[in-house]
Amino acid sequence: MQSRRNFLHWSVLSLPFLSISQAFAKKSVAPQKPIVVSTWDSGLPVNAVAWKILREKNGRALDAVEAGANSIEDTINCCVGLGGNPDRDGKVTLDACIMDEHANCGAVAYLQRIKHPISVARKVMELTPHVFLVGEGAQQFALANGFKLEPDKLSADAEKTYKEWLKKSEYKPVMNIEQQQSKGQKKEGHGPFAPNKFEDGSFNHDTMGTIALDASGNLSGACTTSGMGFKMKGRLGDSPIIGAGLFVDNEIGAAVSSGQGEEVIRIAGTHLVVEMMRMGKTPEEACKGAIERLVKINPEKAKNFQVGFIAINKAGEYGAYSINPGFSYSVTASDEGGKVFMAKSHYK
């Protein structure tokens with residue numbers, strides 16, 4: 001299964017990781033458009049798809065971020081799409097949201113057996129008076145709008161990973177297991193819960209978030225994920241929540257998050273980043289400010305999970321910041337291809 005640690009066995013493996021200080025060394029993050037920025041190194045091929053649209057005459061940021069999200073939803077990836085890790089009962093559930101330059105937005109959550117949740121989210125935005133559809137209702141809406149119901153089975157990689165987790169967690173996906181555990185049959189009550197990290201040491205929250213500024217000066221963003229691997233049935237993170245996982249204000253900028261969604265929700269993270277840019281902070285400064293707000297809640301707890309933000313302002317300047325080291329992001333602003341950067345972090 002491809003995670004953000006091994007996703008790029010493509011030719012892009014030859015690209016160096018650059019620090020934020022290197023990126024800003026000559027103030028090279030000058031105003032520029034079009035530009036597309038995505039979370040993680042796996043965002044590089046996502047950006048490449050989005051860039052094909054952005055470089056076209058009248059290429060729209062909204063179309064670009066949707067196409068980029070579709071491309072990773074088509075892969076076998078640990079944390080995005082139907083090939084991703086399931087919840088602890090063995091079901092893959094997808095979350096996504098999208099937002100355009102007019103503050104139009106759409107989202108879906110707990111969506112099963114539909115290949116492209118980001119496109120369903122866009123349909124919600126464009127065809128209904130609503131913002132958010134969930135579960136069976138989201139699936140019913142998708143089918144009514146031409147989406148195909150995919151087979152109810154795990155990818156080979158996800159099945160293998162899930163079986164290994166079941167052995168270690170000793171979890172038995174049977175009816176009413178939570179009720180039995182709450183009566184004292186399991187010390188952890190409703191557990192076992194999703195692990196903070198995978199076997200390779202990477203954090204268990206690799207959302208794909210993409211934000212773009214097109215040649216017309218308009219911003220849009222998209223966020224798509226299969227969520228935390230082995231999560232409780234029904235668990236929802238920040239990814240499909242407007243203002244938490246994604247926020248776009250076409251007067252100011254756009255931001256997207258990746259990491260432990262429960263923590264991002266607590267501070268309405270991406271909305272906070274955009275508001276800090278409204279107050280005059282650069283994208284990096286705004287991301288850092290949001291991270292500091294989050295760490296302040298519980299500094300010791302924050303050492304054990306990851307949250308990262310990326311942001312673009314209206315001028316096309318970009319930046320990022322994370323709690324712990326290891327958060328990377330991808331930037332593409334020309335036909336020469338994109339680059340992967342390592343964000344500064346609160347803890348070193």
Side-chain angles (χ1 to χ4, degrees), residues 3-4 37-40 42-43 46 65-66 68-73 75 77-87 91-99 105-112 114-122 124-125 131-135 138 194 196 202-211 220-248 254-274 287 290 294 305-311 320 322-323 327 329:
S3 70
R4 64 176 170 81
V37 184
S38 293
T39 53
W40 306 111
S42 54
V46 170
V65 297
E66 180 189 16
N70 283 161
S71 69
I72 195 169
E73 289 169 344
T75 69
N77 180 280
C78 72
C79 312
V80 178
L82 289 177
N85 288 323
D87 65 16
K91 298 294 183 181
V92 177
T93 63
L94 306 180
D95 308 321
C97 72
I98 195 165
M99 192 169 185
C105 46
V108 293
Y110 202 70
L111 179 62
Q112 299 184 58
I114 301 295
K115 193 173 188 179
H116 291 304
I118 198 66
S119 294
V120 181
R122 181 168 179 176
V124 172
M125 178 179 77
V131 169
F132 215 145
L133 293 180
V134 302
N196 283 337
S202 61
F203 286 101
N204 181 10
H205 324 285
D206 288 2
T207 304
M208 177 48 58
T210 301
I211 45 180
S220 290
C223 193
T224 183
T225 186
S226 55
M228 188 184 293
F230 322 125
K231 60 195 174 186
M232 286 183 70
K233 181 178 180 179
R235 178 265 181 186
L236 184 67
D238 66 312
S239 297
I241 300 175
I242 301 298
L246 169 71
F247 194 70
V248 177
V256 72
S257 68
S258 187
Q260 190 156 306
E262 287 81 357
E263 309 308 322
V264 178
I265 292 169
R266 294 184 207 285
I267 62 167
T270 55
H271 182 268
L272 178 59
V273 171
V274 172
C287 292
L294 200 160
F305 63 81
Q306 180 68 299
V307 167
F309 294 106
I310 61 173
S322 64
I323 294 179
F327 178 56
Y329 67 104

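If you read the sequence from its start, that first residue is 1, and numbering goes on from there.
Judged by distance alone, the side chain of Gln112 and the main-chain N or O of Lys91 form no donor-acceptor pair under 3.5 Å. Ser258 places a side-chain N or O within 3.5 Å of a backbone atom of Thr207 that can act as its donor or acceptor partner.
Under the rule for a salt bridge (charged side-chain N to carboxylate O under 4.0 Å, His left out), the partners of Glu263 that lie at least two apart in sequence or sit in another chain are Arg266, Lys301. Every residue meeting the side chain to side chain donor-acceptor pair (under 3.5 Å) condition with Asp238, not counting sequence neighbours, appears here in chain and number order: Ser257. Taking Lys231 as the reference, nothing meets the salt bridge (charged side-chain N to carboxylate O under 4.0 Å, His left out) condition, with sequence neighbours excluded. Partners of Asp87 by side chain to side chain donor-acceptor pair (under 3.5 Å), not counting sequence neighbours: none found. The side chain to side chain donor-acceptor pair (under 3.5 Å) check on Ser226 picks up nothing, with sequence neighbours excluded. Contacts of Thr225 classified as side chain to side chain donor-acceptor pair (under 3.5 Å), with partners at least two apart in sequence or in another chain: none.
Nearest heavy atoms, Ala96 versus Ala121: O-CB, 4.0 Å. Of all non-hydrogen atoms in Thr39 and Met208, the two that sit nearest each other are O-CE, 3.4 Å. Between Val108 and Val124, the shortest heavy-atom distance links the atoms CG1-CG2, 4.1 Å. Between Pro117 and Thr224 the shortest heavy-atom distance is CG-OG1, 3.7 Å. Taking each heavy atom of Ala222 and Ile118 in turn, the nearest pair found is CB-CD1, 3.7 Å. Across every non-hydrogen atom of Leu294 and Ile323, the tightest pair is CD2-CD1, 3.8 Å.
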Quiz item: Step by step, would you call Glu262 with Arg235 a side-chain contact (heavy atoms from CB on, under 4.5 Å)?
Solution: CA-CA 10 Å; Glu262 287 81 357; Arg235 178 265 181 186; 2.9 Å; yes
Quiz item: side-chain contact (heavy atoms from CB on, under 4.5 Å) between Val256 and Tyr329: does it pass, once the steps are laid out?
Solution: CA-CA 11 Å; Val256 72; Tyr329 67 104; over 6 Å; no
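Put simply, the side chain of Leu236 does not reach to within 4.5 Å of the side chain of Tyr110, judged on heavy atoms.
When the options Leu246, Thr270, Val65 are evaluated for a side chain to side chain contact (heavy atoms under 4.5 Å, CB included) with Ile211, the one that passes is Leu246.
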